[in-house]
Amino acid sequence: MGVIQDHLSALVLGSATETLHGAIPDGDMPRDQVLATQDQRHGDYQSNLAFRLAKLVRRPPRALAGAIVEAFPRDPALARLEVAGPGFVNITLDDRWLGEQLLGLVADPHLGVPQSGRNKLVVIDYGSPNVAKRMHVGHLRSTIIGNALVGLHRASGFRVIGDNHLGDWGTQFGKLIVAWRTWGSEDAFRQDPLEELQRLYVKFDQEARRDPAMDENARVETARLQAGDAQNRELWRRFVRASMQEFQKVYERLGVRFDAMLGESFYQDQLNRLLEDLLRDKVAIVDDGALIIPFDESDGKGLSRTPMLVRKRDGAALYATTDLATIRYREAQWSPDRILYVTDTRQQLHFRQLFAAARKLRLTPAELIHVWFGVLTLPEGSMSSRRGNVVRLVDLLDEAVRRARQVVDQKSPHLSESERAEIAETVGVSAVKYADLSQNPQSNVTFHWDRMLSLDGDTAPFLLYSLARCRSIQRKAGGAAQWDAEKARLLPGHPLERDLVLALCRYPEALRSALNASRPNTLCEYLFGLAGTFNRFYGCLPVLKAESVSRSRRLMLVGATAQVLSAGLGVLGLGTLERM
RNA sequence: GCCCCUGUAGCUCAAUCGGAAAGAGCACCUGGCUUCGAACCAGGAUGUUGCGGGUUCAAGUCCUGCCAGGGGUGCCA
């Protein structure tokens, strides 16, 4: 079983080639994918190839479309072909063929998703919070989107290494060390380490505004830490360890597991060699006491004016240096085919520079991709750990679960206390994750409690509910949930059944397109549409009480819906529920 | 100065490489549970896609000029 889109595209292309008999060399043939129609009156799929060709051979598109339809090969997939409008070719699929496609899809462990990543390895760099700071809602995006990208790649056959490139070596430690020695409280730290570190961080910032000497002290302590000073080193270890324990709790709750957690500190002893190589290869030059990598316009628009700084005048390295070393390490260790960086839009310039520098140094043949997302701000302005105006991630999750619990208690009082608690946790956390995933990552978002915590409409609970309904039917069907393939394949059934079959068959397309665009929201959109189609089907047509042929077919549809929904939810990193 | 991003319904957002009549959800109104789960479904109302020009068979999408907002831009990450 293949992707329907590809099958039809090949047919259209074949027909067009036939029609034109060599008027266009093979290499110049436009690659035009058949698209799902937006409107059912235009059939199931449409081809716009005639428009592309019209330009090349200077014939009216409508005539070309007619010729393409004329020369179309016989194929069991096709029920009807039409030329419409100025030159669209509308394709309606054969019911029985669609049924066969669906049976093939549910029998495939990958549910028909093309394994484009077979034998390929991708490193996905995401999460990457700064250590010693509390995780707030701003950290959600990289973590959740990155995790969904991991899922999309795995579903497509890639081997994936999700790497949490922790900010565990920055200048914030010098500040914290100074602040700790000046105002730190051992008791407070023992009680709630991150609260205490947060307090110190804010306090330091306030004091440093009044007294610039504080910043200088911090620089000195940072330098001593990086030079290996034992006491600073010990403090640093304590701060990092405490943060990691805190992070781990959040990750567990979010259902996010990393395959590697190699933070910035991990690369520190590799930086000198890197800097030497930069000089040796004349990629970097000394300028005003600092070491920079200059670019010209061929490296990227505007880059000639913005060199990348890799060593400060005082000799200290920067995150750009670490990032270069990280690429070199990943290449040596894993030889990835692709490296994805999931960060917000503000780092676009940094990554353009980084990738350009990596090319100059020939650090890796891997495809380097920066998947950036928009910034999350509060209604009252941008969040800042330094200023202390953040919404803590745990508070958001707790509130989500609290609201979910209210609904569960109201809707399902018959379930046990512990089951309701479990359901509320899954519903609440999934709702928060979905609220983020279902948006175009590149949009900037303003944080609103009610939107993040909504449980109605286009939300995770709607998807979970649809799945729970499937499960409920399957349970009630008992052993008879086994449908008969011969009967199940008999189509057409009711138009609502056909809608569902078609929606299910589009799962591979939806997943592939989300992967290619690095946009989990398109998969969300697909799943929301599928759940809607299922709920219409469910609302109108009996399953268990239907006569035998319909019953078998509909049970198959229920089972297939459950398979696709739970697979899709899994890819996005959302939980699933048997009942709710 | 230079570079990047954004502007779509009252609100929050979608819209495939440019594709047919710009779609969802929320909120609001009407209807549907003695029948597999009503966290559901059916129906109703909502637009100068910031503004002007251009390219195209076709523009929210591409080009261009304005307007408004956000971000980045050599010693933070």
Side-chain angles (χ1 to χ4, degrees), chain A residues 30-33 35-39 41-42 46 48 50-52 54-55 60-62 84-88 90 128 130 167 169-172 264 287-292 300-314 316 318-320 322-323 343-350 352 372 374-375 377 382 404 407-408 410-412 427 435 438-440 442-446 448 450-451 454-459 461-462 464-466 468-469 471-473 475-477 509 513 516-517 521-522 524-525 528-529 532 535-536 538-546 554 558 579-580:
Chain A
R31 293 179 25 134
D32 192 50
Q33 277 271 32
L35 302 173
T37 54
Q38 242 178 327
D39 190 319
R41 281 168 316 171
H42 302 136
Q46 68 179 62
N48 305 324
F51 296 115
R52 306 280 113 77
K55 284 209 171 66
R62 183 146 177 121
F88 298 104
N90 292 339
S128 313
N130 278 333
W169 200 246
T171 46
Q172 78 263 35
E264 296 174 346
D287 187 279
D288 197 16
L291 193 64
I292 63 169
K301 194 176 177 192
L303 282 192
S304 64
R305 319 170 61 95
T306 53
M308 183 165 80
L309 190 64
V310 291
R311 193 181 65 201
K312 297 197 279 187
R313 221 175 358 227
D314 67 7
L318 297 103
Y319 74 131
T322 310
D323 277 356
T343 82
D344 76 37
T345 175
R346 289 174 295 198
Q347 298 201 33
Q348 280 196 81
L349 175 61
H350 167 65
R352 290 213 297 141
W372 58 267
V375 182
T377 51
S382 63
V407 180
V408 184
Q410 181 207 327
K411 309 253 181 193
S412 305
V427 168
S438 61
Q439 286 189 71
N440 185 331
Q442 301 194 341
S443 309
N444 288 330
V445 292
T446 307
H448 295 285
D450 285 336
R451 173 157 167 80
S454 167
L455 305 176
D456 300 314
D458 185 4
T459 63
F462 177 71
L464 295 174
Y465 175 72
S466 306
R469 279 178 140 186
R471 294 296 187 219
S472 175
I473 292 179
R475 274 193 302 274
K476 293 224 162 79
E509 286 170 19
S513 124
N516 289 341
N521 70 306
T522 59
C524 291
E525 200 177 329
F528 177 63
N535 279 310
R536 273 188 293 282
Y538 177 97
C540 274
L541 305 173
V543 176
L544 297 174
K545 289 169 188 155
R554 289 174 189 169
V558 169
R579 64 186 100 229
M580 63 189 277

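The basis for the numbers below is simple: all heavy atoms, side chains too, and nothing from hydrogens, waters or symmetry mates.
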Next on the checklist: Between A/R475 and B/rC36, is there a contact of a side-chain N or O with OP1 or OP2 at under 4.0 Å?
Outcome noted: no
Checklist entry - Taking the side chain of A/L309 as heavy atoms from C-beta outward, which of B/rC2, B/rG74, B/rG19 is closest to it? => result B/rG74
Checklist entry - What nucleic acid atoms does A/R62 come within less than 4.0 Å of, heavy atoms only: base, sugar-phosphate, or nothing? => result nothing
Next on the checklist: For a quick test of reading the model: is some side-chain N or O of A/T322 closer than 4.0 Å to OP1 or OP2 of B/rA77?
Outcome noted: no
Checklist entry - Taking the same atom, C1', in B/rG10 and in B/rU46, what whole-Å distance lies between them? => result 9 Å
Item to check | Length of the CG-C1' vector between A/N535 and B/rA39, whole Å | outcome: 10 Å
Item to check | Exercise: identify the closest heavy-atom pair between A/H42 and A/T37 | outcome: O-CG2, 3.3 Å
Next on the checklist: By the 4.0 Å heavy-atom rule, please label A/A84 as base, sugar-phosphate, or nothing.
Outcome noted: base
Next on the checklist: As a test of reading the structure: which of B/rG74, B/rC76, B/rA39 is closest to the side chain of A/L318, going by heavy atoms?
Outcome noted: B/rC76
Item to check | Integer angstrom distance from the P of B/rC26 to that of B/rA20 | outcome: 25 Å
Checklist entry - On RNA chain B, nearest-nucleotide positions of A/T446 versus A/V427: which is more 5'? => result A/T446
Next on the checklist: Under 4.0 Å, heavy atoms only, any strand: does A/D450 hit a base, just the sugar-phosphate, or nothing?
Outcome noted: nothing
Checklist entry - What does A/L349 touch in the nucleic acid at a heavy-atom separation under 4.0 angstrom: a base, only the sugar-phosphate, or nothing? => result sugar-phosphate
Item to check | Smallest separation among heavy atoms of A/P30 and A/R52, with atom names | outcome: CG-CB, 3.7 Å
Checklist entry - Does a donor on one side chain and an acceptor on the other come within less than 3.5 Å for A/R469 and A/N535? => result yes
Next on the checklist: By the 4.0 Å heavy-atom rule, please label A/D288 as base, sugar-phosphate, or nothing.
Outcome noted: base
Next on the checklist: Whole angstroms only, please: what is the CD-P distance between A/Q347 and B/rC76?
Outcome noted: 15 Å
Checklist entry - Can you find a heavy atom in the side chain of A/V408 that is under 4.5 Å from one in the side chain of A/Q410? => result no
Item to check | Which residue lies more 5' along RNA chain B, comparing A/P61 with A/L35 via nearest heavy atoms | outcome: A/L35
Checklist entry - How close do A/A404 and A/L455 get, heavy atom to heavy atom, and via which atoms? => result CA-CD1, 3.9 Å
Next on the checklist: With side-chain hydrogen bond (donor to acceptor under 3.5 Å, both in side chains) as the criterion, how do A/E525 and A/T522 come out once you've worked through the C-alpha distance, each side chain's angles and the decisive distance to 0.1 Å?
Outcome noted: CA-CA 5 Å; A/E525 200 177 329; A/T522 59; over 6 Å; no
Checklist entry - How are the rings of A/H350 and A/Y319 set relative to one another: parallel (under 30°), tilted (30 to 60°) or perpendicular (over 60°)? => result parallel
Item to check | Nearest non-hydrogen partners of A/R554 and A/A546, listed with the distance | outcome: NH1-CB, 3.7 Å
Checklist entry - Taking the side chain as C-beta and beyond, is there a heavy-atom pair between A/M308 and A/I292 under 4.5 Å? => result no
Checklist outcome for this item: Nucleotide by nucleotide, nucleotides 58-64 of chain B touches protein heavy atoms under 4.0 Å in the pattern (B base, S sugar-phosphate only, - none) B------
Item to check | Euclidean distance for P, B/rA45 against B/rG25 (whole angstrom) | outcome: 15 Å
Checklist entry - Checking all strands, does A/P542 fall into the base, sugar-phosphate, or nothing category for heavy-atom contacts under 4.0 angstrom? => result base
Checklist entry - When we call it a touch if two heavy atoms are under 4.0 Å apart, what does A/A316 touch: a base, just sugar-phosphate, or nothing? => result nothing
Checklist entry - Just checking A/R313: base, sugar-phosphate only, or nothing, at a heavy-atom cut-off of under 4.0 Å? => result base
Checklist entry - Rounded to the nearest Å, what distance is computed from the CZ atom of residue A/R579 to the C1' atom of nucleotide B/rA39? => result 16 Å
Checklist entry - Along nucleotides 21-30 of chain B, 5' to 3', which nucleotides get a B, which get an S, and which get a -, given that the test is a protein heavy-atom distance under 4.0 Å? => result B--SSS----
Item to check | A/F462 side chain, from C-beta outward: closest of B/rC41, B/rC36, B/rG74 | outcome: B/rC41
Checklist entry - What heavy-atom pair brings A/G87 and A/A50 nearest, and what distance separates the two atoms? => result O-CB, 3.6 Å
Checklist entry - What are the two closest heavy atoms between A/S412 and A/M580, and how far apart are they? => result OG-O, 3.0 Å
Next on the checklist: Between P on B/rG71 and CD on A/Q442, what's the gap in Å once rounded to a whole number?
Outcome noted: 18 Å
Checklist entry - Heavy-atom distance under 4.5 Å between the side chains of A/T345 and A/Q442, does that happen here? => result no
Checklist entry - Taking the side chain of A/R536 as its heavy atoms from C-beta onward, which of B/rA42, B/rC36, B/rA77 lies nearest to it? => result B/rA42
Checklist entry - At under 4.0 Å, does any side-chain N or O of A/S472 touch on OP1 or OP2 of B/rG37? => result yes
Item to check | Value in whole Å for how far the P atom of B/rC36 lies from CG of A/L541 | outcome: 15 Å
Checklist entry - What do you reckon, do A/Y538 and the base of B/rC40 stack, with centroid distance below 5.5 Å and planes below 30°? => result no
Checklist entry - When the P atoms of B/rG23 and B/rA38 are considered, how many whole Å apart are they? => result 30 Å
Checklist entry - Within the structure, does a side-chain N or O atom of A/R352 lie under 4.0 Å from either OP1 or OP2 of B/rC3? => result no
Next on the checklist: I'd like the P distance from B/rC11 over to B/rU16, given in whole Å.
Outcome noted: 23 Å
Item to check | B/rC17 versus B/rG60 - spacing of their C1' atoms, nearest Å | outcome: 16 Å
Item to check | Among B/rG19, B/rC75, B/rA39, the one nearest A/K312 by side-chain distance | outcome: B/rC75
Checklist entry - Which is true for A/D314 with a 4.0 Å heavy-atom rule: it touches a base, it touches only sugar-phosphate, or it touches nothing? => result nothing
Checklist entry - To the nearest Å, how far apart are A/F51 CZ and B/rA20 P? => result 10 Å
Checklist entry - Heavy atoms under 4.0 Å, any strand shown: does A/S443 hit a base, just sugar-phosphate, or nothing? => result sugar-phosphate
Next on the checklist: Would you say A/Y319 places a side-chain N or O within less than 4.0 Å of OP1 or OP2 belonging to B/rA77?
Outcome noted: no
Checklist entry - Just checking A/Q33: base, sugar-phosphate only, or nothing, at a heavy-atom cut-off of under 4.0 Å? => result base
Checklist entry - Hey, does A/M308 reach any base, or is it just sugar-phosphate, or nothing, if we go heavy atoms under 4.0 Å? => result nothing
Next on the checklist: Mind checking if A/Q410 touches a base, just sugar-phosphate, or nothing, with heavy atoms under 4.0 Å?
Outcome noted: nothing
Item to check | A/K545 vs B/rC36: side-chain N/O to OP1/OP2 distance below 4.0 Å | outcome: no
Checklist entry - Could you go step by step and tell me if A/F88 and A/N48 meet the side-chain contact (heavy atoms from CB on, under 4.5 Å) rule? => result CA-CA 5 Å; A/F88 298 104; A/N48 305 324; 3.1 Å; yes
Item to check | side chain to side chain contact (heavy atoms under 4.5 Å, CB included) involving A/S443 - partner list, sequence neighbours excluded | outcome: A/N440
Checklist entry - Per the atom types in the model, does the base of B/rG74 pair as donor or acceptor with the side chain of A/D287 at under 3.5 Å? => result yes
Next on the checklist: Categorize A/A468 for me: base, sugar-phosphate, or nothing, with a 4.0 angstrom heavy-atom threshold over every strand shown.
Outcome noted: base
Checklist entry - How many Å lie between CG on A/D344 and P on B/rU6, as a whole number? => result 15 Å
Item to check | P spacing across the pair B/rA9 / B/rC51, given as an integer number of angstrom | outcome: 10 Å
Item to check | Whole-angstrom distance between B/rA22 and B/rA59, as gauged at atom P | outcome: 12 Å
Next on the checklist: Is the phosphate of B/rC40 approached by A/K411 (side-chain N or O, under 4.0 Å from OP1 or OP2)?
Outcome noted: no
